[in-house]
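Every value quoted in this text rests on a predicted model; they were computed, and no experiment measured them. Sequence lines set the chain letters: A, B, ... in the order given, protein chains first and strands last, and positions in each chain run from 1. Hydrogens, waters and symmetry mates are skipped; everything else that's a heavy atom, side chains included, is used.
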There are 2 protein chains.
Amino acid sequence: MARYQAGLRTEARIIEATRALLGEIGLEGTTLKAICERARVRAGSFYNLFDSKEEVVLKVVREAITAVDPDPAGETDTLEELVGAYVAFVTGQTHLARIYLQIAVAGALSHDSVGRRVLRGHEARVARFRTAMLREQTELGHDEATRRTEVLLAMLNGLAFRWTLEPDFAFAEHARLALEESLFG
Amino acid sequence: MARYQAGLRTEARIIEATRALLGEIGLEGTTLKAICERARVRAGSFYNLFDSKEEVVLKVVREAITAVDPDPAGETDTLEELVGAYVAFVTGQTHLARIYLQIAVAGALSHDSVGRRVLRGHEARVARFRTAMLREQTELGHDEATRRTEVLLAMLNGLAFRWTLEPDFAFAEHARLALEESLFG
DNA sequence: TCATATTTTGAGCATACACTCTAATTTGAG
DNA sequence: CTCAAATTAGAGTGTATGCTCAAAATATGA
């Protein structure tokens, strides 16, 4: 399995091309031909490195699902920091954010394992946000905190969704202000 | 253009089949073959009634986009009624709700006119929710009401999105309770 | 430099797709 | 009942897709 440098570089180019296509054009437009053209590679080279188109796509999709939860090791986050991290991800990693939203809605229907993965990621996020919320509002019960966390995350996802429709939408501002004044603070 | 009954029934079957497939399997799985099988029709019959597959799909998609804003004539709605209508749509018209979310995220990227249509629908909804909000909280300025409306709608879309991942999710309850306690009341 | 492993090529394959065409059947108004 | 119009069937077309394969080109360690 020892590999040459050329192969590793090609693999990286293919992954990058797939990520860009998924984010810019979507699942439908991410064909093998498109990936190969963007990565400047012939089909044969592609299949020397990957078993199938699905393999790269899923690799990138998993990357996107994971990336929605940045710094998963962090234990001392405040709610504000967590929201800030989410905003930073969406506005920074545009491609991955778009892929995440697409997959979560469309991919969940078709590919079952992807749907489960998205759900697991969401549940982990709920747990992390809830911990932060309970630290700041100790009077809340576990269930009540869960409920509010779900609503907060729904709001963030909804704002990301809104920003997908119109890139000029002031995503960060809406998220920040809504957090400040609402029931979540 | 006078039509026979048989043709009208077939057309309805095709539309219904397309709607079901889009809602259950998604855009990717909604092939001509699948539509024809579900509608019990051969390809020839399909093309006797529609110019292209895209025509039916767009017809159903437009239907979904419009349906997200039920009772658009209503003038005396309260915020609570508007939220209730949204919840009723999502939980009642499952197929259309799923299609709407899919299209808004994925379709908006590919088919530009669809993206614009979704955005227009959203803006109309913002206007209607804002009117209701201003009626109940007269101290709010126009901009502040717009901002809060965007957040409220983002929350509703996000909860719908969440419910897409897990049909057992208590969508209606979360929406109702969040409205009651939050900054929107 | 040589030998071997890896990578690249590009023509080509099978399949699934959206769509067409003509002949046959069914409909419904007169 | 008649007959033109509407509908249907289903084999068939062209194209795009994901993918294969054998041979050529290139990289790496000794």
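Neither side chain, Arg130(B) nor Thr149(B), offers a donor N or O lying under 3.5 Å from an acceptor on the other. Looking at Tyr86(B) and Asn157(B), their side chains do bring a donor and an acceptor atom within 3.5 Å of each other. Side chain to side chain, Glu63(B) and His95(B) fail the donor-acceptor criterion of an N or O pair below 3.5 Å.
Taking atom CG of residue Leu49(A) and atom P of nucleotide dT20(D), one finds them 14 Å apart after rounding to whole Å. As rounded to whole Å, 15 Å separates atom P of dA16(C) from atom CD of Glu28(B). For the pair Arg13(A) CZ and dT8(C) C1', the computed distance is 11 Å after rounding to whole Å. Here dT26(D) presents its P atom at 16 Å from CG of Asn48(A), a figure rounded to the nearest Å. Rounded to an integer number of Å, the gap from CZ of Arg40(B) to P of dG10(D) is 15 Å.
Using a distance-only test at 3.5 Å, with no hydrogens or angles considered, a donor-acceptor pair links the side chain of Arg98(B) to the main chain of Thr164(B). Judged by distance alone, with hydrogens and angles left aside, the side-chain atoms of Glu136(A) form a donor-acceptor pair with the main-chain N or O of Leu79(A) at under 3.5 Å.
Aromatic ring pairs are classed by plane angle as parallel below 30°, tilted from 30° to 60° and perpendicular above 60°; the pair Phe169(B) and His174(B) is parallel.
Taking 4.0 angstrom as the limit, Thr10(B) places a side-chain polar atom (N or O) nearer than this to OP1 or OP2 of dT8(D). Residue Arg42(A) places at least one side-chain N or O under 4.0 Å from the OP1 or OP2 atom of dG10(C).
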List every contact pair, protein side and nucleotides 22-25 of chain D side both N or O, where the distance is under 3.5 Å.
none

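Side chains of Glu144(A) and Arg147(A) form a contact here, defined as non-hydrogen atoms less than 4.5 Å apart.
A search for side-chain contact (heavy atoms from CB on, under 4.5 Å) contacts involving Glu80(A) returns Thr78(A), Leu179(A), not counting sequence neighbours.
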Fill in the blank from the handout: Quick tally for nucleotides 18-30 of chain C: nucleotides whose base has a protein heavy atom under 4.0 Å get B, sugar-phosphate-only ones S, the rest -, giving SBBB-----BS--

